[in-house]
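For ligands, and for the atoms within them, numbers begin at 1 and follow the listed sequence. Remember, it's a predicted structure, so these values are computed and weren't measured experimentally.
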Amino acid sequence: MDLPKNAFKAALRAGHTQIGLWCTIPDPTVAEMLGATGYDWMLLDTEHSPMDVLGTLPLLRALAPAPVSAVVRPASLDVVEIKKALDCGARSLLIPYIQSAEEARAAVAAVRYPPAGIRGVAGMTRASGYGTIAGYHRRAGEEICLLLQVETAEALGEIEAIAAVEGVDGIFVGPADLAASLGHPGETGHPEVKAAVLDAIRRISAAGLPPGVLTLDQAFAAEAVEAGARFVAVDLDLSLLQRGARARAAEWRARLG
Ligand SMILES: O=C(O)C(=O)C[C@H](O)[C@@H](O)CO
């Protein structure tokens with residue numbers, strides 16, 4: 001079996017904007033259904049959800065036949081979590097809370113086998129097609145997409161240094177944590193936060209990498225794309241469900257007076 005291509009990595013390299021959905025519901029049926037709704041990528045979040053890295057395995061399986069790319073977010077820059085996510089078959093990773101070029105280099109090392117990095121080696125994993133992908137251990141890095149998340153005022157100061165680290169495929173700006181770091185917790189719509197996000201997107205783009213962001217404000221998502229964002233999560237599974245449920249309930253409350 002050939003090493004499968006990472007369509008998400010290829011699309012980012014080609015400069016194609018990828019529209020995403022942020023997923024925190026740890027249920028393969030929900031993931032399978034959402035996988036067929038038309039998004040380019042789905043973020044499986046283990047940082048802020050009741051799901052750990054191993055909990056993404058049934059979701060990765062559910063999404064495998066769908067025309068959507070799964071991106072797994074480990075809870076932190078943790079070599080063991082990253083190794084497990086990769087062994088489970090995640091090929092695109094978003095690593096949160098990267099503060100410096102040194103941490104970016106550590107993330108790159110975590111996704112590469114020795115001698116280039118420190119990823120632990122195993123044969124019978126889902127990642128290697130249970131040992132059937134020819135040359136997997138030599139070539140795995142070709143199809144791994146490593147995205148790093150900057151989300152503090154300090155990290156914004158390091159964007160160019162982080163972007164210069166070889167092996168980084170994209171940089172994501174986290175508006176919620178950035179808002180808190182800038183002194184506006186819970187206010188991702190604060191003008192200072194929005195300006196900082198757009199400035200970060202422009203600088204990441206100028207540094208030669210695709211920028212990413214998450215926002216449920218569709219007008220701001222469009223501004224982010226205009227500023228150069230290339231992987232943009234425009235909604236969240238729980239928010240979609242809540243909006244739909246509320247709208248239906250409100251409709252019937254109104255009908256019944
Ligand atoms: O800082 C951010 O923004 C993020 O990292 C996304 C958050 O985790 C959250 O909004 C997703 O539920």
Go through the steps for Asp78 and Lys84 under the test salt bridge (Lys or Arg N to Asp or Glu O under 4.0 Å), then give the verdict.
CA-CA 10 Å; Asp78 180 303; Lys84 284 186 177 293; over 6 Å; no
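- Counting only distance, with no hydrogens or angles, the side chain of Lys83 and the backbone of Ile118 share no donor-acceptor pair below 3.5 Å.
- Here the heavy atom of the protein found nearest to atom 12 (O) of ligand 1 is Leu236 CD1, 3.5 Å.
- Looking at ligand 1, you'll find an N or O of Pro175 within less than 3.5 Å of one of its N or O atoms.
- For the pair Glu47 and ligand 1, no heavy-atom separation below 4.0 Å is found.
- Near His48, meaning under 4.0 Å from one of its heavy atoms, ligand 1 places the atoms 8 (O).
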Evaluate the criterion side-chain hydrogen bond (donor to acceptor under 3.5 Å, both in side chains) for residue pair Asp40 and Ser69; output intermediate values, then yes/no.
CA-CA 6 Å; Asp40 298 307; Ser69 298; over 6 Å; no
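- For atom 6 (C) of ligand 1, the closest heavy atom belonging to the protein is Leu214 CD2, 3.8 Å.
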Run the side-chain contact (heavy atoms from CB on, under 4.5 Å) test on Arg91 and Glu143 for me, step by step, so that the C-alpha distance in whole Å, both residues' side-chain angles and the decisive distance to 0.1 Å come before the verdict.
CA-CA 7 Å; Arg91 296 181 308 146; Glu143 301 301 335; 4.2 Å; yes
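- Atom CD of Glu160 is surrounded by more than 12 heavy atoms from other residues, nucleotides or ligands within 6.0 Å.
- Grouping the Ile, Leu, Val, Met, Phe, Trp and Tyr side chains by contacts below 4.5 angstrom, directly or via other members, places Leu77 with Ile144.
- Nearest protein neighbour of atom 7 (C) of ligand 1, counting heavy atoms only, is Arg73 NH2, 3.9 Å.
- Neither the backbone nor the side chain of Thr188 comes within contact range of ligand 1; no heavy atom lies under 4.0 Å.
- When the heavy atoms of Cys23, Ser239, Ala176, Ala233 are ranked by distance to atom 3 (O) of ligand 1, first place goes to Ala176.
- Note: Trp22 and Trp41 have perpendicular aromatic rings, judged against thresholds of 30 and 60 degrees for the angle between ring planes.
- Using a 4.0 Å cut-off to heavy atoms of Glu151, the atoms of ligand 1 that qualify are 1 (O), 5 (O).
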For residues 185-200, dump all side-chain donor-acceptor pairs below 3.5 Å to protein atoms at least two apart in sequence or in another chain.
{"from": "His190", "atom 1": "ND1", "to": "Glu192", "atom 2": "N", "distance (Å)": "3.0"}
{"from": "Glu192", "atom 1": "OE1", "to": "His184", "atom 2": "NE2", "distance (Å)": "2.8"}

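- For atom 11 (C) of ligand 1, the nearest protein heavy atom (residue, atom name, distance) is Trp22 NE1, 3.3 Å.
- Close N/O approach between Gln149 and ligand 1 is found [any backbone or side-chain N/O within under 3.5 Å].
- For ligand 1 and Gly174, the ligand atoms under 4.0 Å from any heavy atom of the residue are 1 (O), 2 (C), 3 (O).
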